[in-house]
Amino acid sequence: QVQLVESGGGLVQSGGSLRLTCAASGSIANTWAMAWYRQAPGKQRELVAAITRGGNANYADSVRGRFIISRDNANNAMYLQMNSLKPEDTAVYYCNSGISSWNGKPGDYWGQGTQVTVSS
């Protein structure tokens, strides 16, 4: 069993930055792909970014050029650096381990989520 815990969310002003961390209790080295999702009230869950074991990344059009996903297999962690934040980025952000493909079925392991609120 793998436990995922997100951290780093908070309240920021438009144009600001945050770095989200997903810490795994177990090894992620053998997980082909991991991902960040987000969900805002009244909206569908959205795949934000995904990254493979080798570091290949993909992004939703809405965040491309502003967000950077990374993972540290040795330290069992995944990150989401969020720059130039906009109010429309406001959501609960979740990490996920085991996504099968871009916009495919999520993996079985989810974190509890961390709230990101962008004002103005």
Side-chain angles (χ1 to χ4, degrees):
Q1 63 213 50
V2 176
Q3 181 174 315
L4 305 174
V5 179
E6 302 96 335
S7 62
L11 174 63
V12 298
Q13 299 294 315
S14 181
S17 297
L18 284 173
R19 188 183 74 160
L20 305 184
T21 297
C22 175
S25 62
S27 176
I28 64 170
N30 294 324
T31 300
W32 179 68
M34 300 182 67
W36 287 97
Y37 292 81
R38 68 186 181 187
Q39 188 165 26
K43 297 183 179 178
Q44 296 296 116
R45 184 182 65 198
E46 177 186 17
L47 175 59
V48 176
I51 185 167
T52 67
R53 180 169 52 217
N56 296 316
N58 202 7
Y59 300 90
D61 290 342
S62 58
V63 308
R64 185 174 291 110
R66 298 188 297 119
F67 291 9
I68 300 294
I69 188 172
S70 61
R71 66 191 276 180
D72 185 341
N73 294 329
N75 289 311
N76 299 319
M78 180 177 63
Y79 306 94
L80 186 68
Q81 177 66 45
M82 305 184 295
N83 300 316
S84 301
L85 283 162
K86 305 174 180 180
E88 48 263 51
D89 295 317
T90 296
V92 178
Y93 285 70
Y94 300 90
C95 63
N96 175 265
S97 179
I99 185 172
S100 59
S101 63
W102 181 254
N103 275 327
K105 183 181 182 296
D108 292 334
Y109 299 100
W110 293 90
Q112 84 291 340
T114 186
Q115 176 72 49
V116 172
T117 303
V118 185
S119 65
S120 256

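Any value given below was found using the heavy atoms of this structure, including those in side chains, with hydrogens, waters and symmetry copies removed.
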**Complete:** When every non-hydrogen atom of R45 is compared with those of P106, the smallest separation belongs to NH2-CG, 3.6 Å

**Request:** Using a 4.5 Å cut-off on heavy atoms from C-beta on, say whether the side chain of V118 contacts that of Q13.
**Result:** no

**Prompt:** For the residue pair A49 and Y59, what are the closest heavy atoms and their distance?
**Reply:** CB-CD2, 3.6 Å

**Complete:** So CD1 of I51 and CG of N56: to nearest 0.5 Å the spacing works out to 8.0 Å

**Request:** Anything under 30° is parallel, anything over 60° is perpendicular, the rest tilted; go ahead and classify W110 against Y94.
**Result:** perpendicular

**Request:** Measure the shortest side-chain to side-chain distance between E6 and Y93 over non-hydrogen atoms and say whether it is less than 4.5 angstrom.
**Result:** no

**Request:** Could you tell me which non-hydrogen atom of R38 sits nearest to which non-hydrogen atom of A91, and how far apart they are?
**Result:** CB-CB, 3.8 Å

**Prompt:** Is there a donor-acceptor pair under 3.5 Å between the side chain of S100 and the backbone N or O of K105?
**Reply:** yes

**Prompt:** How long is the gap from CD on Q112 to OG on S7, to the nearest 0.5 Å?
**Reply:** 8.5 Å

**Message:** Do E88 and S62 pair up side chain to side chain, a donor and an acceptor below 3.5 Å, judged on atom types alone?
**Reply:** no

**Complete:** dist Y79:OH -> R19:CZ (nearest 0.5 Å) comes out at 5.5 Å

**Request:** Could you tell me whether R64 and D61 make a salt bridge, using a distance below 4.0 angstrom between a side-chain N and a carboxylate O?
**Result:** yes

**Request:** Can you measure from SG (C22) to CG (N96) and round to the nearest 0.5 angstrom?
**Result:** 8.5 Å

**Message:** Check whether N83 reaches the backbone of G16 with its side chain - one donor and one acceptor, N or O, closer than 3.5 Å.
**Reply:** no

**Asked** If only atom types and distance count, is the side chain of N75 paired as donor or acceptor with the main-chain N or O of A77 below 3.5 Å?
**Response** no

**Fill in**
Value for CD (Q81) from CG (L18), rounded to nearest 0.5 Å, stands at 8.5 Å

**Request:** Answer whether the closest heavy-atom distance between the side chains of R71 and M34 falls below 4.5 Å.
**Result:** yes

**Message:** I need the W36 CH2 to E46 CD distance, nearest 0.5 Å.
**Reply:** 14.5 Å

**Fill in**
Between R53 and T31 the two heavy atoms that sit nearest each other are CB-O, 3.7 Å

